[in-house]
Protein chains: 2
Amino acid sequence: MSRVVAERQDVIATLAEVFREHGYDGASLSLITEKTGLGKGSLYHFFPGGKEEMAEAVLGDIASWFQTHIFDRLNDSETPAAAIDDMFASVDGYFRQGRRLCLMGVIAASGAHDRFSVELNRYFADWRTALAEALGRQGMAEKERQALAEEVIGGIQGALILARSLDDPQAFSRILARLKARCQPSQN
Amino acid sequence: MSRVVAERQDVIATLAEVFREHGYDGASLSLITEKTGLGKGSLYHFFPGGKEEMAEAVLGDIASWFQTHIFDRLNDSETPAAAIDDMFASVDGYFRQGRRLCLMGVIAASGAHDRFSVELNRYFADWRTALAEALGRQGMAEKERQALAEEVIGGIQGALILARSLDDPQAFSRILARLKARCQPSQN
DNA sequence: GCATGACTGTACCAATCGGTAAACAATTTA
DNA sequence: TAAATTGTTTACCGATTGGTACAGTCATGC
């Protein structure tokens, strides 16, 4: 268990960075072998399905991270306002204050989109549902909470792209703060 | 003039679609020859710099379209509220009600980002400046208009990614409507 | 009617692509 | 310790990559 799983987990973390920085098509096997330090043989030992399986593993890893650290906390919390605050803090940390892109967004904006449409759909739909319900437990009306959740989640993606394009990570933080303010109970 | 320029312009439009749908790395020359109907010889005749020059031509074309149809109108208009409304209408049309991605965003989220960082930076910075100034002529305070312009432009990018990921173009329209409402003079 | 220059089709290039196979080393397990 | 499992190295595969070279086509202007 320990060794193997741990190493595979390490590989997945490195794979995630490679896909994030170079995109799916841009992440060649030679680049992957270089960054992971693993030869093709080892790579195909861990991921017999090749590059596609590597990306699936990474997306699955990300999905479960968000599930436990974001979605579940939004759902379980009895103090939705605090849970939503936690969400924004986690998001800020996860995306390194705007210096890191969202791999889900990267894939969605690439030609590999079709290959992973199920994962993409679930990730964004689950996030939207969890946030909308937390907003609801905060007293927000049905229509408005659906729309706001959508706006916030999209806003985060756009802020990441904008921050990278402007080469100004702080743009991410500024937008995030505004989105957060819009989720405050006092704003309803 | 006519023949050459016109044809090159047609090619650029097709190139834009290919890059949009497949990303920079995913747009192989064989795919480009197929979609444009032009052999490599013709392609390299029009774009001696190869794929990179093709992408530059497309980005330049997009930049000038936005310059004349969006940025200039925001700047020139003496009725900023109407100009901002026009912007949202143009954006909705340009992105085909959420069924079309923004190539600038696609490139920004890809490994080819570094190659085109100048173009990306200018596109988003110009848009932000133009929108912020229009908001200013509408009476909005300096700080708030900068922040709102940033939020709107990022929000559009994110809405496109979200709409594609959820396979729900209407998500784009819904978010766009909210962003537009936030720019209304009555909201200030 | 012929020279010119814009355009195109084809063959080709080295390099790299994703992926396979199998020999080999290292660890566990019995 | 022997066998079985797990992991790694290396050489290799055919296909495709972006790019080049160049002969040929075609309309235009002189």
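Numbered from 1 within each chain, the chains take letters A, B, ... in sequence-line order.
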Contacts of [X] that satisfy side-chain contact (heavy atoms from CB on, under 4.5 Å) - sequence neighbours left out:
| X | result |
| --- | --- |
| His69(A) | Trp65(A), Arg73(A) |
| Asp86(A) | none |
| Asp61(A) | Gln9(A), Ile12(A) |
| Tyr44(B) | Leu29(B) |

Qualifying salt bridge (charged side-chain N to carboxylate O under 4.0 Å, His left out) pairs with a residue from residues 30-56 of chain B, counting only residues at least two apart or across chains
Glu52(B)-Arg115(B)
Filter on salt bridge (charged side-chain N to carboxylate O under 4.0 Å, His left out), then keep only pairs touching residues 119-139 of chain B, sequence neighbours left out; what's left?
Arg128(B)-Glu150(B)
Treating Asn75(B) as the side-chain partner and Phe71(B) as the backbone partner, does any N or O pair qualify as donor plus acceptor under 3.5 Å?
yes
Whole angstroms only, please: what is the [atom1]-[atom2] distance between [X] and [N]?
| X | N | atom1 | atom2 | value |
| --- | --- | --- | --- | --- |
| Leu38(B) | dT10(C) | CG | P | 13 Å |
| Glu34(B) | dT8(C) | CD | P | 18 Å |
| Leu29(A) | dT17(D) | CG | P | 15 Å |
| Phe19(B) | dG18(D) | CZ | C1' | 12 Å |
| Phe47(B) | dC7(C) | CZ | P | 11 Å |
| Asp25(B) | dT16(C) | CG | P | 15 Å |
| Ile32(A) | dG19(C) | CD1 | C1' | 12 Å |
| Phe46(A) | dT6(D) | CZ | C1' | 9 Å |

Nearest to the side chain of His45(B), heavy atoms from C-beta on, is which of dG19(D), dT8(C), dT8(D)?
dT8(C)
Of all the choices, dC7(C), dT20(C), dG18(D), which nucleotide is nearest to the side chain of Tyr44(A) once you look at every atom?
dT20(C)
Within residues 48-57 of chain B, which residues have any heavy atom lying less than 4.0 Å from an atom of DNA chain D?
Gly50(B), Lys51(B)
Write down the protein N/O and nucleotide N/O pairs, taken from nucleotides 11-16 of chain D, whose separation is under 3.5 Å; answer none if there are no such pairs.
none

The answer to which of Gly41(A) and Ala27(A) contacts DNA chain C further toward the 5' end, by nearest nucleotide, is Ala27(A)
Does a salt bridge link Glu21(A) with Arg100(A), judged by any charged N lying under 4.0 Å from a carboxylate O?
no
Just to verify, what does Glu144(A) make a salt bridge (charged side-chain N to carboxylate O under 4.0 Å, His left out) with, not counting sequence neighbours?
Arg178(B)
